2 protein chains.
Amino acid sequence: MTSPFRAPIGLRLTNTARAASRAFDDALAAVGGSAPIWQILISIKSRQLGNQRELAEAVGIQGATLTHHLNAMESGGLLTRRRDPANRRVHVVELTEEGELLFHRLREVAIAFDARLRAGLSEEQIAAFEQVLTRLAENVRD
Amino acid sequence: MTSPFRAPIGLRLTNTARAASRAFDDALAAVGGSAPIWQILISIKSRQLGNQRELAEAVGIQGATLTHHLNAMESGGLLTRRRDPANRRVHVVELTEEGELLFHRLREVAIAFDARLRAGLSEEQIAAFEQVLTRLAENVRD
DNA sequence: TATTGTTATACTCTATAACTATA
DNA sequence: TATAGTTATAGAGTATAACAATA
């Protein structure tokens, strides 16, 4: 008995993700954004208050890496950082109006991109797909 | 009617892929490899002859990026490049014994990692999962 | 002129280590 | 001492543009 050929599932996963990420990056860049900027903006919007440590964790990067992005975003006029009077070690991050505008532009792009990805796929297919993603993440975490 | 909340499928996809890639990178690095090295080794092994242009395309990177990796791999004693006598523009890439050994070590790692990823998933689940991956790739390509 | 590949250069994302400031 | 964040530095992976060699 020869065992059936199985393509490495991780390779298929990362190849597809890479293709999708590139297309998404292009779409974000077309309106002046990028993937990390988008993720950071989402995190800032979804939890108004929270220190950078939490922010970094939410985005899945190190604190210093977050600082790197925040520096660029602050230089770009997307956000401000000020010390929290209650605990002056904490830097409170807030979006400027320009940052808000970019967030909304990027959200439009993200919504359109999501619709594009879902084309031709049923709710059931996607639900099953997400279940497998969840399991893969668990299998990797151990 | 409020529309049901749908998490962006691309975000779930890339987050899971990133987690899986990091775990895989760590596993490859533990035996002296990396993801691009592994992909390049696979491509070299699977199609003994073929120019670097094809190699780059198979790996999904630009020609200059491939040269970058080949330089490092040649310095590391994993492969040799010599001109094809039939067409001296073409550089024939061949693995050294050390390159072969690394390929086999990485293959072991990849097989073990694949088994780890598949844990708890049925053939049917994975087949459906791959179908969705294929569709996502199509949706992105357009 | 077209093709194959390299070199030079730079960009993005990421990380670690050492540092400042605050508590 | 511990915590929050920054600065300095570096490394991996990628890309584009200009180039050399060959056909």
Side-chain angles (χ1 to χ4, degrees), chain A residues 14-15 17-19 21-26 28-29 32-41 43-44 49-76 79-94, chain B residues 14-15 17-19 21-26 28-30 32-41 43-44 49-76 78-94:
Chain A
T14 55
N15 282 347
R18 185 164 62 167
S21 288
R22 281 192 188 172
F24 189 49
D25 288 349
D26 290 347
L28 293 175
S34 72
I37 286 178
W38 172 230
Q39 283 217 286
I40 289 167
L41 288 177
S43 296
I44 292 171
L49 294 174
N51 61 24
Q52 291 186 200
R53 198 176 206 73
E54 291 171 338
L55 204 56
E57 196 179 349
V59 177
I61 57 180
Q62 294 301 115
T65 304
L66 177 63
T67 296
H68 171 82
H69 291 299
L70 291 181
N71 285 344
M73 292 170 76
E74 190 168 29
S75 296
L79 53 82
T80 59
R81 280 177 287 188
R82 59 177 178 75
R83 289 181 181 278
D84 182 348
N87 179 348
R88 291 182 44 75
R89 287 176 302 192
V90 174
H91 291 205
V92 179
V93 177
E94 282 176 336
Chain B
T14 55
N15 282 347
R18 185 165 63 168
S21 289
R22 281 192 189 174
F24 189 49
D25 289 349
D26 290 348
L28 294 176
S34 72
I37 286 178
W38 171 228
Q39 284 216 286
I40 290 168
L41 288 177
S43 296
I44 292 172
L49 293 175
N51 62 24
Q52 290 187 201
R53 196 176 209 73
E54 292 171 337
L55 204 56
E57 196 179 348
V59 177
I61 57 180
Q62 294 302 114
T65 305
L66 177 62
T67 296
H68 171 83
H69 290 299
L70 292 181
N71 286 345
M73 292 170 76
E74 189 168 28
S75 297
L78 300 178
L79 53 82
T80 59
R81 279 178 289 188
R82 59 178 177 75
R83 291 182 179 277
D84 183 347
N87 179 348
R88 290 183 45 76
R89 288 176 303 191
V90 174
H91 290 203
V92 179
V93 177
E94 280 176 336

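Sequence lines set the chain letters: A, B, ... in the order given, protein chains first and strands last, and positions in each chain run from 1. Just so you know, these numbers come straight off a predicted model, no measurement behind them.
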Walk along nucleotides 12-19 of chain D from 5' to 3' and tag each nucleotide B, S or - by protein heavy-atom contact under 4.0 Å, base first, then sugar-phosphate.
-SBBBB--
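The distance between atom CZ of R53(A) and atom P of dT3(D), rounded to the nearest whole Å, is 8 Å. Per the geometry, CD belonging to E54(A) stands 14 Å off P belonging to dT3(D), to the nearest Å. Per the geometry, CG belonging to L70(B) stands 7 Å off P belonging to dT6(C), to the nearest Å. For the pair L66(A) CG and dT12(C) C1', the computed distance is 16 Å after rounding to whole Å. What separates CG of D25(B) from P of dA15(C) is a distance of 12 Å, to the nearest Å. In this structure, R81(A) places its CZ atom 12 Å from C1' of dT7(D), rounding to the nearest Å. In this structure, Q39(A) places its CD atom 18 Å from P of dT12(C), rounding to the nearest Å.
Nearest heavy atom pair, residue L66(A) against residue Q52(A), reads CD2-O, 3.2 Å. Shortest non-hydrogen contact noted between A17(B) and T14(A) is O-CG2, 4.0 Å. Between R81(A) and N71(A), the shortest heavy-atom contact is NH2-OD1, 2.6 Å. Between V59(A) and S43(A), the shortest heavy-atom distance links the atoms CG2-OG, 3.6 Å. In terms of heavy-atom proximity, A35(A) sits nearest to D25(A) at CB-OD1, 3.4 Å. Across all their heavy atoms, Q39(B) and N15(A) have their closest contact at NE2-OD1, 4.2 Å.
No more than 12 heavy atoms of other residues, nucleotides or ligands lie within 6.0 Å of CZ in R53(B), so this atom counts as exposed by the packing criterion. Counting heavy atoms of neighbouring residues, nucleotides and ligands inside a 6.0 Å radius, atom CD of E94(B) exceeds 12 of them.
Between Q52(B) and I37(A), the residue whose closest nucleotide on DNA chain C is further toward the 5' end is Q52(B).
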I'd like to know whether H68(B) forms a side-chain contact (heavy atoms from CB on, under 4.5 Å) with I61(B), so could you lay out the CA-CA distance, the side-chain angles of the two residues, the decisive distance to 0.1 Å, and finally the verdict.
CA-CA 11 Å; H68(B) 171 83; I61(B) 57 180; over 6 Å; no
Hey, what are the protein-to-nucleotides 20-23 of chain D N/O distances that come in under 3.5 Å?
residue : atom : partner : partner atom : Å
dT22(D) : OP1  : R88(B)  : NH2          : 3.2
dA23(D) : OP1  : R88(B)  : N            : 2.8

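The side chain of N71(B) approaches dT7(C) more closely than any other nucleotide in the set dG5(D), dT7(C), dT6(D).
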